Amino acid sequence: MAKKPSDDQEQDGGKIGGKIATRADDYPQWYQDVIREAELAEPAKVVKGCMVIKPHGYAIWEKIQRDLDARFKATGHRNAYFPVLIPQSFITKEAEHVEGFAPELAVVTHAGGEQLEEPYVVRPTSETIIGYYFGKWISSYRDLPLLVNQWANVMRWEKRTRMFLRTTEFLWQEGHTAHASHEDAKDEVERMLNVYGDFAEQVMAMPVIRGIKTDSEKFAGALTSMCIEAMMQDGKALQAGTSHDLGQNFGRAFDVKFQTEGGGLDYVWQTSWGVSTRLVGGLIMTHSDDAGLVLPPRLAPIHAVIVPIYRKEEEHAAVMEAAERIKAALSEIDISPPRSRYRDFVEVVIDDRPLRPGAKFYEWERRGVPVRIELGPKDLAKGQVCVKMRVDSAAGSGKEFIPEADFIAGFRARLDTFQSELLRLARARMHARMVTIDTWDEFLAAFSGEQSTFAWCHWDGTRETEAAIKEKTKATIRCIPLPGQGPDPEPGTCVFSGKPSRQRVLIAKAY
RNA sequence: CGAGAUGUGGCGCAGUCUGGUGAGCGCGCCGGUCUGGGGGACCGGAGGCCGCGGGUUCAAAUCCCGCCAUCUCGACCA
């Protein structure tokens with residue numbers, strides 16, 4: 001209801017495209033703006049709580065998928081696919097599972113113009129139907145371990161949705177495995193957690209804390225859940241991946257028995273683990289800045305954009321010829337990650353649209369292209385290119401002039417440097433904000449209002465204390481850190497109750 | 001699901017209180033000329049069932065009722 005229509009426009013003059021709120025002013029708005037302006041996705045207004053993932057956003061997901069899929073294959077898993085509809089009765093077979101998911105199920109009651117005898121639920125996750133099939137496939141210890149993964153969509157009727165972070169329908173992968181012993185299952189849970197952790201850090205350049213969920217935060221139906229937690233720029237935590245030890249819970253519920261080596265009969269030990277399109281949200285909130293999206297090269301659909309600069313038509317022709325030459329040379333460069341099982345090559349776009357160069361600069365920055373090449377007559381004359389990296393300091397300065405041959409020869413190293421620089425910056429941010437807190441007053445101060453941080457605190461281990469902390473501050477115990485992921489275990493007293501504690505846990509507000 | 005806000009061209013908004021003048025503005029978009037190393041200027045254009053459905057009225061973007069969606073906050077969650 002601002003009376004001055006020009007107010008907002010003053011701020012960013014005649015900017016092309018929409019505006020992006022600053023992180024300091026309004027972090028949630030900034031997040032929405034980046035998604036819109038980078039053309040990653042938009043809300044599916046015609047379907048409540050769902051989103052349309054646009055090509056640029058989906059391309060990032062495809063890169064995530066490709067790398068993870070290779071990691072799953074490398075650890076012995078194979079892909080399979082199970083139905084999107086699950087008989088309602090399946091969901092109810094595991095007590096905790098049904099309790100956890102019942103409130104958010106979408107149920108199909110009619111099909112083909114008739115009411116169904118038994119309703120189907122749209123899968124919120126597939127433990128139950130996969131458990132059922134595991135029962136049919138497994139009869140002997142020789143059938144174990146059984147290691148499958150599924151790339152799929154799932155649906156959870158969430159009360160409150162946020163683009164990429166929590167939508168009614170989302171894309172993910174869910175690994176499901178069955179083992180002959182609890183030890184084997186536990187190894188699997190930890191193995192896949194490490195796959196996620198390595199992926200987050202090496203590919204997404206997103207540092208994470210690996211840990212174990214408290215009982216009240218664990219997966220519905222699991223014995224224990226492990227997780228990776230990432231810190232967003234506003235100090236809140238994002239659960240970026242989970243890996244669950246399901247024990248024999250689903251084996252019992254679906255009667256998945258096998259003959260042991262010794263001739264006995266036992267229920268299988270199962271695991272499940274997953275990451276989702278939520279990772280894209282994490283990516284945005286880890287690296288992006290007030291100018292828009294920032295992408296690590298390993299996930300960037302486009303690595304470099306060439307903006308031709310010219311005045312006369314002869315110049316245009318010459319510049320375009322050089323641009324094509326550079327594009328061809330760059331496109332040859334293999335930027336596959338070390339030891340990867342897929343090939344990745346540099347993707348280059350030449351932006352020859354009839355716009356002012358400056359307009360193009362802003363646009364490609366918003367989309368998160370790591371490298372910008374400005375190519376004009378002066379550069380051709382000197383055999384050089386003008387390069388600007390998509391770093392946080394951004395706008396105006398930071399242009400390098402490099403001989404063309406050197407630039408091409410050093411391109412892969414340039415991307416690698418950028419990649420590791422993003423990880424370094426994100427790590428620095430996370431560590432700068434991490435605190436150890438020992439008093440309740442300090443704790444309240446750290447989490448007052450919308451504030452959040454990663455706080456290492458002693459906790460007495462009780463559900464009551466956990467609930468009380470959450471009730472009073474909105475902060476939750478994100479995880480009990482694995483060795484090396486937090487402060488070394490030392491006894492202390494609970495930050496809330498003052499009772500004895502064995503080690504510090506990670507507390508933060510969470511997305 | 002509770003509270004609040006919002007819904008007008010692709011984006012951002014004004015207009016709504018107090019119903020009636022051709023539904024406007026900035027940016028973007030299309031055509032043209034000059035331009036071109038960080039959001040250029042000028043000229044000429046296109047684009048709207050004013051979220052949806054009812055109602056009141058001679059007349060509704062505007063008033064009333066219902067619904068839907070989005071955003072923020074809360075309870076629940078990847």
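Just the heavy atoms: all of them, side chains too, but no hydrogens, waters or symmetry mates, feed the values below. Each chain gets a letter, A, B and so on, in the order the sequences are listed, and its residues count up from 1. Given the structure is predicted, the values throughout are model-derived calculations rather than measurements.
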When you compare B/G51 with B/A46, how far apart are their P atoms, in angstrom units rounded to a whole number? 24 Å

Answer with base, sugar-phosphate or nothing: what part of the nucleic acid does A/K378 contact at a heavy-atom distance below 4.0 Å? base

Using a distance-only criterion (donor-acceptor N/O pair, under 3.5 Å, no hydrogens), is the base of B/G38 paired with the side chain of A/E365? yes

C1' atom, B/G48 versus B/U35: distance in rounded Å? 33 Å

P gap between B/C11 and B/C71, integer Å: 14 Å

Can you tell me, in whole Å, how much space there is between the C1' of B/C64 and that of B/U70? 24 Å

Across the strands shown, which category fits A/P124 at heavy-atom distances under 4.0 angstrom: base, sugar-phosphate, nothing? nothing

Distance in angstrom units between A/E99 CD and B/C76 P, rounded: 13 Å

In whole angstroms, how far is the P atom of B/G36 from the CG atom of A/D379? 16 Å

Using a cut-off of 4.0 Å on non-hydrogen atoms, how would the nucleic acid contact of A/Q239 be classed: base, sugar-phosphate, or nothing? sugar-phosphate

If you look at every strand shown and take non-hydrogen atoms under 4.0 Å, does A/T167 touch a base, only sugar-phosphate, or nothing? base

Tell me what A/G376 touches on the nucleic acid: a base, only sugar-phosphate, or nothing, going by heavy atoms under 4.0 Å. base

pair_partner(B/G4), Watson-Crick or wobble, both distances < 3.5 Å, evaluates to B/C71

Aromatic ring pairing A/W172/A/F170, orientation class (parallel under 30°, perpendicular over 60°, tilted between): perpendicular

What distance, rounded to whole Å, do you find between the two P atoms, one in B/G10 and one in B/G47? 12 Å

Check the distance between B/G37's P and A/I309's CD1 and give it to me in whole angstrom. 6 Å

Could you write out each protein N or O paired with an N or O of nucleotides 69-73 of chain B at a distance under 3.5 Å?
residue	atom	partner	partner atom	Å
B/U70	OP1	A/G49	N	2.6
B/C73	OP2	A/R160	NH2	2.2
B/C73	OP2	A/R162	NH2	3.2

Rounded to whole Å, the CZ-C1' distance (A/R366 to B/G28) equals 10 Å

Phosphate contact (B/G39 OP1 or OP2) by A/R356 side-chain N/O below 4.0 Å: no

Answer yes when A/E363 and A/R353 have at least one side-chain N-carboxylate O distance shorter than 4.0 Å, and no when they do not. yes

Which part of the nucleic acid, if any, lies within reach of A/F170 when heavy atoms closer than 4.0 Å are counted: base, sugar-phosphate only, or nothing? base

When the ring planes of A/F407 and A/F411 are compared, do they come out parallel, tilted or perpendicular, using 30° and 60° as the limits? perpendicular

Quick one: label A/K213 by what it contacts on the DNA or RNA (base, sugar-phosphate, nothing), any heavy atom closer than 4.0 Å. nothing

State whether the aromatic ring of A/Y362 stacks on the base of B/G39, taking stacking to mean ring centres under 5.5 Å apart and ring planes under 30° to each other. yes

For B/G38, does the base pair up with any side-chain atom of A/R372 as donor and acceptor (N or O, under 3.5 Å, distance only)? yes

Between B/G39 and B/G45 - P atom distance, rounded Å: 28 Å

Does a side-chain N or O of A/K312 approach OP1 or OP2 of B/U35 to a distance below 4.0 Å, or not? no

Does the plane of the ring in A/H316 sit parallel, tilted or perpendicular to the ring in A/Y310? Use 30° and 60° as the thresholds. parallel

Euclidean distance, A/T271 OG1 relative to A/L193 CG, rounded to 0.5 Å: 11.5 Å

Applying a 4.0 Å non-hydrogen cut-off, can you work out what A/L279 is touching in the nucleic acid: base, sugar-phosphate, or nothing? nothing

Using the C1' atom as the point on both nucleotides, what is the distance between B/G28 and B/C13, in whole Å? 14 Å

According to the Watson-Crick and G-U wobble definitions, with both distances under 3.5 Å, which nucleotide is paired to B/C17? none

Quickly work out the A/E363 CD to B/C29 C1' distance and round it to whole Å. 13 Å

With heavy atoms under 4.0 Å as the rule, sort A/E374 into base, sugar-phosphate or nothing. base

Students often get this wrong, so: under 4.0 angstrom with heavy atoms, is A/T242 touching a base, only sugar-phosphate, or nothing? nothing

RNA chain B: 5'-proximal contact among A/A510 and A/L375 (nearest heavy atom): A/L375

Please list all pairs passing the side chain to side chain donor-acceptor pair (under 3.5 Å) test where one or both residues lie in residues 90-99 of chain A, with sequence neighbours left out. A/E96-A/K218

Just how far, in rounded Å, is C1' of B/A75 from NZ of A/K474? 9 Å

A/D352 CG to B/G36 C1', in whole Å, measures 12 Å

Identified pairing partner of B/C27, criterion: Watson-Crick or G-U wobble below 3.5 Å: B/G10

Validate the cation-pi geometry between A/R71 and A/F199: distance from NZ or CZ to the six-membered ring centre under 6.0 Å, angle to the ring axis within 45°. no

Of the nucleotides B/C76, B/G37, B/G38, which one has an atom closest to the side chain of A/P377? B/G37

Rounded to whole angstroms, how far apart are CD on A/E37 and C1' on B/C27? 11 Å

Strictly by modelled atom types, are A/K213 and A/Q239 linked by a side-chain donor-acceptor pair under 3.5 Å? yes

Partner of B/U56 under the Watson-Crick or G-U wobble criteria, both distances under 3.5 Å, comes out as none

For atom C1', what is the distance between B/C29 and B/G37, given to the nearest Å? 26 Å

Distance-only polar pair, side chains of A/D26 and A/Y31, donor-acceptor under 3.5 Å: no

Pick the nucleotide of RNA chain B nearest each of A/R478 and A/P357; which residue has the one closer to the 5' end? A/P357

Atom pairs and distances, side-chain donor-acceptor, residues 55-63 of chain A, under 3.5 Å, sequence neighbours left out:
residue	atom	partner	partner atom	Å
A/H56	NE2	A/R367	O	3.0
A/K63	NZ	A/A300	O	3.4

